[in-house]
Amino acid sequence: MQIYNTLTRRKEKFVPRETGRVAMYVCGPTTYNFIHLGNARAFVVFDTVRRYFLYKGYKVRYVQNFTDIDDKIIKRAREEGEDPIRLAAKYVEEYFHDMDALNVLRADIHPKVSEHLNEIIEMVRVLIERGHAYVVDGDVYYNISSFGGYGKLSGRSQEDMQAGARVEVDRRKKHPMDFALWKSAKEGEPAWDSPWGLGRPGWHIECSAMSLKYLGTDFDIHGGGFDLIFPHHENEIAQSEAATGEPFARYWMHNGFITINQEKMSKSLGNFFLVREILDKFPPDVVRFFLLSTHYRSPLDFDDEKLAAAGRGLERVKNCIRALKEALQGNPRHTLSGADKTFNEELGGRLAEFNSAMDDDFNTALATGILFDAVGDINTYLHHAAQADGPCLEALHKAFKIIKTFNGVLGLFKIDAGDNIIIDGQSGAASGLVEALVELIIKMRQEARARKDFATADSIRNDLGKLGIILEDTPRGVRWKRQG
RNA sequence: GGCGACAUAGCCAAGUGGUAAGGCAGAGGACUGCAAAUCCUCCAUCCCCCGGUUCAAAUCCGGGUGUCGCCUCCA
């Protein structure tokens, strides 16, 4: 298995710290707003990475934090006249709401800054003690000059940073790029007691403290968006390695950005789309498929038409699953013919291709291509079998299994309690009634067709279509589905 | 100014030395009362441009051009 490591700027063979186990940390959201599509990309990408490790048989410990104490939260809370802690808690819930929709699995641990003040304060204390940090008027700064490795992740020297520093220089800092580990509290801000007075943690320290607490030093994978490389991850390395004297993380993975009209989507540019806005217009499986249809390190340009095209493509996969279900209910053969065996071998080949795509730095774009190849294989098999002596049970099972396997890794469709793939969402309380009504209408339409009243039949099909109910007349009866 | 990424058909997108995956859109055929779904066939002589290395390059090297990103909160 190969993973592109930002630290070395090349793909490396993945060798975990501990055989058979993967410890990974992904920077979670700062909870001051609903998450946008850019956030979602990172979380979907790393969710898929995690799923692939699980599929490969690794024991995975997945940690994703919530930064629930932060300047932006305080600002937002002030604007809304809300308590910062409560505001942050609210957006934690909203985060789960959106991520559940996108089929992102819960992390094993979701630590919050607000619950780890002790660890953070302790780490700051150690950094001061070891001469890597200094106190000025109740603030604590990290002294980057004290850490030789500073800049190794983002590939820049300390001189570069001095030259490029556009921030107004705080005279109290020893180096312009020194960053806050602890910020003293102003009046009315949330504050915690510390050896340096009342205050709160700086932005980067929480990820160091919490990842080290739950994963230890030298853990396997640390992930996040490209824009976290500098300064966030650079600073995490500096803090963690200076405090522990050990390597911090082995593989650094960073996903590319979502762009809008080829321009970076970001909160500061104001051109962002909230996940829930998009989910109002498109099904979650389509959104997830769209996010995985490009390699995670490449930029991904978003617009409605591209998402719609992705939806039409994914419909092909859903149709294949429907066809399989139908074939399975159609009393398949128990014998195994030469054609069945050939088909089984074909699918075996697809599985191997899929694994090798994912082994190569989680190439989900290639992997989804292979999913489509498998769909083509299955459709062709079903087509020919229907013209001969029908499909064989074992082949159908194998086909289902491979689709489920791919789906288990990509996480496109949810699975119900009976291990069935859910492709027609919105199974609510009303759905039983809807189904009965549709069946009734179909029955009446069939009567119209029987007396060759095609005008009525077509009009019914048309009108149902407008309601999102798609009818398909097949040689073996009428099939219907909800519009994907 | 420093650092970095990318440039593949109408659109999206894989592919890091051996002669262009896959999807969307499109064309023709089969099936159908007609649609839809599905199947079959077609759809880049060529991968931004110019040089070079090589028996062989979209893939390596050099030089251009263009687009984007980081250097400041941001996934």
Side-chain angles (χ1 to χ4, degrees), chain A residues 9 11 26-30 32 35-46 70-72 75 151 154-157 159-168 177 203 223-232 234 254-259 262-269 272 289-290 293-295 297-301 303 305-320 322-323 353 357 360 363-373 375-376 378-384 386-387 449 452-455 457-458 461-462 465 470-475 479-481:
Chain A
R9 290 151 199 272
K11 284 185 200 171
V26 173
C27 288
T30 298
Y32 68 103
I35 61 164
H36 65 241
L37 189 62
N39 304 117
R41 182 182 193 189
F43 304 139
V44 165
V45 160
F46 289 106
D70 173 89
D71 294 359
K72 294 189 291 293
K75 180 164 177 272
S154 51
R156 56 193 98 203
S157 65
E159 299 80 75
D160 288 345
M161 288 184 273
Q162 193 137 18
R166 281 193 265 152
V167 269
E168 77 289 3
M177 297 306 287
W203 173 32
F226 256 90
D227 51 354
L228 292 183
I229 295 173
F230 191 89
H232 187 56
E234 193 69 64
H254 295 96
N255 62 278
F257 294 120
I258 301 280
T259 59
Q262 321 297 332
E263 195 178 48
K264 179 184 170 183
M265 170 193 285
S266 78
K267 291 178 183 173
S268 45
L269 288 175
F272 59 90
F289 172 67
F290 173 73
S293 61
T294 297
H295 186 88
R297 284 189 281 112
S298 302
L300 207 196
D301 197 58
D303 66 53
E305 176 43 43
K306 284 169 183 159
L307 212 44
R312 288 191 293 270
L314 192 62
E315 191 59 27
R316 194 171 149 73
V317 178
K318 294 185 188 179
N319 284 333
C320 175
R322 292 187 183 104
E353 289 170 8
D360 184 12
N363 193 338
T364 55
L366 222 201
T368 52
I370 292 155
L371 169 64
F372 278 103
D373 287 332
V375 163
I378 293 168
N379 285 337
T380 300
Y381 171 78
L382 254 23
H383 180 79
H384 289 138
Q387 290 176 334
R449 291 180 75 204
K452 305 235 183 284
D453 179 3
F454 295 120
D458 290 352
R461 185 172 61 196
N462 223 335
I470 311 296
L471 296 195
E472 293 172 6
D473 298 321
T474 78
R479 172 196 302 154
W480 72 274
K481 65 184 182 188

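Chain letters run A, B, ... following the sequence lines, proteins first, then strands; residues in each count from 1. Computation of the quantities below employed the complete heavy-atom set of this structure, encompassing side-chain atoms and omitting hydrogens, waters and symmetry-equivalent molecules.
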Using atom CZ of A/R156 as one end and atom P of B/C71 as the other, report the distance to the nearest whole Å.
7 Å

When you compare B/G28 with B/G62, how far apart are their C1' atoms, in angstrom units rounded to a whole number?
48 Å

Between A/P299 and A/T294, what is the shortest heavy-atom contact and its length?
O-CG2, 3.9 Å

Between C1' on B/C31 and CG on A/D473, what's the gap in Å once rounded to a whole number?
13 Å

Applying the Watson-Crick and G-U wobble criteria at under 3.5 Å, what pairs with B/A30? Answer none if nothing qualifies.
B/U38

Roughly how far, to the nearest 0.5 Å, is the CZ atom of A/F289 from the NZ atom of A/K318?
10.5 Å

What pairs of nitrogen or oxygen atoms, one from the protein and one from nucleotides 27-29 of chain B, lie under 3.5 Å apart?
none

Are the side chains of A/N319 and A/R479 in touch, meaning some heavy atoms are under 4.5 Å apart?
no

In whole Å, I'd like the distance from the CZ atom of A/R479 to the P atom of B/C31.
18 Å

In whole Å, measure the gap between the C1' atoms of B/G26 and B/C12 for me.
15 Å

With heavy atoms under 4.0 Å as the rule, sort A/R9 into base, sugar-phosphate or nothing.
sugar-phosphate

Whole-angstrom distance between B/U54 and B/A13, as gauged at atom C1':
29 Å

Roughly how many Å apart are B/U53 and B/U65, using the P atom of each and rounding to a whole number?
24 Å

Kindly state whether the pair A/F454 / B/G33 counts as stacked, where counting means centroids closer than 5.5 Å and planes tilted less than 30° apart.
yes

Over all strands shown, is A/G223 touching base, sugar-phosphate only, or nothing at heavy-atom distances under 4.0 angstrom?
nothing

Spell out protein contact along nucleotides 12-23 of chain B as letters: B when the base is contacted, S when just the sugar-phosphate is, - when no protein heavy atom is under 4.0 Å; keep the 5' to 3' order.
SSSS-----BSS

Take atom P in B/C61 and the same atom in B/U67, then report the distance between them in whole Å.
24 Å

May I have the distance from A/H384 (atom NE2) to B/C31 (atom P), rounded to whole angstrom?
14 Å

Using Watson-Crick geometry (N1-N3 plus N6-O4 or O6-N4) or G-U wobble (N1-O2, O6-N3), each under 3.5 Å, B/U19 is paired with none

Reckon A/N319 touches a base, only the sugar-phosphate, or nothing at all at heavy-atom distances under 4.0 Å?
sugar-phosphate

In Watson-Crick or G-U wobble terms, with both distances under 3.5 Å, the base opposite B/G1 is B/C71

Touch check for A/G38, heavy atoms < 4.0 angstrom, all strands: base, sugar-phosphate only, or nothing?
base

For A/L382, report the nucleic acid contact type (base, sugar-phosphate, nothing); a contact means any heavy atom under 4.0 Å.
nothing

Euclidean distance for C1', B/A21 against B/A58 (whole angstrom)
14 Å

Indicate yes or no: at least one non-hydrogen side-chain atom of A/F43 is less than 4.5 angstrom from one of A/R41.
no

Whether A/N39 side chain and A/H36 backbone form a donor-acceptor pair below 3.5 Å:
yes

I need the CZ-C1' distance between A/F226 and B/C71, as an integer number of Å.
15 Å

Gap separating the CG atom of A/D301 from the NZ atom of A/K264, nearest 0.5 angstrom
14.5 Å

Both distances below 3.5 Å, Watson-Crick or wobble geometry, any strand: find the nucleotide opposite B/C24.
B/G10

What does B/A44 pair with, Watson-Crick or G-U, if both distances are under 3.5 Å?
none

Which is true for A/K72 with a 4.0 Å heavy-atom rule: it touches a base, it touches only sugar-phosphate, or it touches nothing?
sugar-phosphate

I want to verify a distance call: between B/C70, B/A36, B/U72, whose nearest atom is closest to the A/T474 side chain?
B/A36

A/D303 has an atom CG; how far is it from atom P of B/C24, in whole Å?
17 Å

Using atom NE2 of A/H383 as one end and atom C1' of B/C40 as the other, report the distance to the nearest whole Å.
8 Å

note: A/D227, atom CG; B/C3, atom C1'; distance rounded to Å ~ 16 Å

Heavy-atom pair of closest approach, residues A/S154 and A/F230:
OG-CD1, 3.4 Å

Hey, does the side chain of A/K481 come within less than 4.0 Å of B/A36's phosphate (OP1/OP2), counting only N and O?
no

Residue among A/T364, A/L366, A/V317 satisfying side chain to side chain contact (heavy atoms under 4.5 Å, CB included) with A/L371
A/V317

Base B/A35 paired with A/R461 side chain (donor-acceptor, <3.5 Å)
yes

What nucleic acid atoms does A/N379 come within less than 4.0 Å of, heavy atoms only: base, sugar-phosphate, or nothing?
sugar-phosphate

For the atom pair NE2 (A/H295) and CG (A/N255), what is the distance rounded to the nearest 0.5 Å?
10.0 Å

Separation between the P atoms of B/A75 and B/A27, rounded to whole Å:
44 Å

Check step by step if side chain to side chain contact (heavy atoms under 4.5 Å, CB included) holds for A/E234 and A/M177.
CA-CA 11 Å; A/E234 193 69 64; A/M177 297 306 287; over 6 Å; no

Kindly say if A/T380 contacts the phosphate of B/C40, meaning a side-chain N or O under 4.0 Å from OP1 or OP2.
yes

Does any part of the side chain of A/E315, heavy atoms only, come nearer than 4.5 Å to the side chain of A/K481, both counted from C-beta?
yes

Hey, which sits more toward the 5' end of RNA chain B by its nearest nucleotide, A/R297 or A/G376?
A/R297

Please report the distance separating the C1' of B/G64 from the corresponding atom of B/C43, rounded so that it comes out in whole Å.
33 Å

Are any side-chain N or O atoms of A/D360 and backbone N or O atoms of A/N363, one a donor and one an acceptor, separated by less than 3.5 Å?
no

